[in-house]
Amino acid sequence: MAQTPPFPADLLETQTAWYRTYRHLAENATNPSGTAAHRRQLLTLSARIAAHPYWDTPAGTPAARVALKETARALAAGADRPPV
């Protein structure tokens with residue numbers, strides 16, 4: 001199995017925030033209050049991720065984009081679980 005590339009902390013945090021925001025939006029889809037703000041936040045986070053300088057380096061491959069998403073999705077899922 002390939003090792004996950006080390007991502008810049010701000011990029012990983014932004015992608016994790018994207019998943020948390022998306023999950024919150026999906027869970028509250030029937031309540032229109034605040035959905036516009038969450039949609040705007042998703043757009044802002046998406047732009048930050050896409051424009052991050054990391055993607056202009058040799059490490060910024062399509063495989064790295066997938067690895068970033070997988071890593072951030074796992075972090076976001078773990079952050080949403082209650083502590084044991």
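Count residues from 1 along the sequence. Computed from a prediction, not measured in an experiment: that's the story for all the values here.
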- List the steps, then state whether side-chain contact (heavy atoms from CB on, under 4.5 Å) holds for E70 with V66. CA-CA 6 Å; E70 290 172 350; V66 173; 3.6 Å; yes
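Sorted by first and then second residue, the pairs that involve residues 23-47 and meet ring pair (Phe, Tyr, Trp, His ring centres under 6.0 Å), not counting sequence neighbours, are H24-H38. Judged as a side-chain hydrogen bond (donor to acceptor under 3.5 Å, both in side chains), the pairs with a partner in residues 43-52 (not counting sequence neighbours) are, in order, D10-H52, W18-S46.
Summarising the geometry of Y19 relative to A76, their closest heavy-atom pair is CB-CB, 3.7 Å, with the distance given to 0.1 Å. Pairing each heavy atom of T35 with each of N28, the nearest pair is CG2-O, 4.0 Å. The two residues Q15 and A72 make their nearest non-hydrogen contact at CG-CB, 3.3 Å.
Residues that satisfy the side chain to side chain contact (heavy atoms under 4.5 Å, CB included) test with R65, not counting sequence neighbours, are W55. Scored by the side chain to side chain contact (heavy atoms under 4.5 Å, CB included) test, A17 finds L45 as partners (sequence neighbours excluded).
You'll find the side chain of L25 stays beyond 4.5 Å of the side chain of T21, heavy atoms only.
Note: Y22 OH to E27 CD = 11.5 Å, rounded to the nearest 0.5 Å. Note: R73 CZ to L75 CG = 11.5 Å, rounded to the nearest 0.5 Å.
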What side-chain donor-acceptor pairs closer than 3.5 Å can you find for residues 57-64, not counting sequence neighbours?
residue : atom : partner : partner atom : Å
T57     : OG1  : Y54     : O            : 2.7
T57     : OG1  : A59     : N            : 3.4
T61     : OG1  : A63     : N            : 3.4
T61     : OG1  : A64     : N            : 3.1

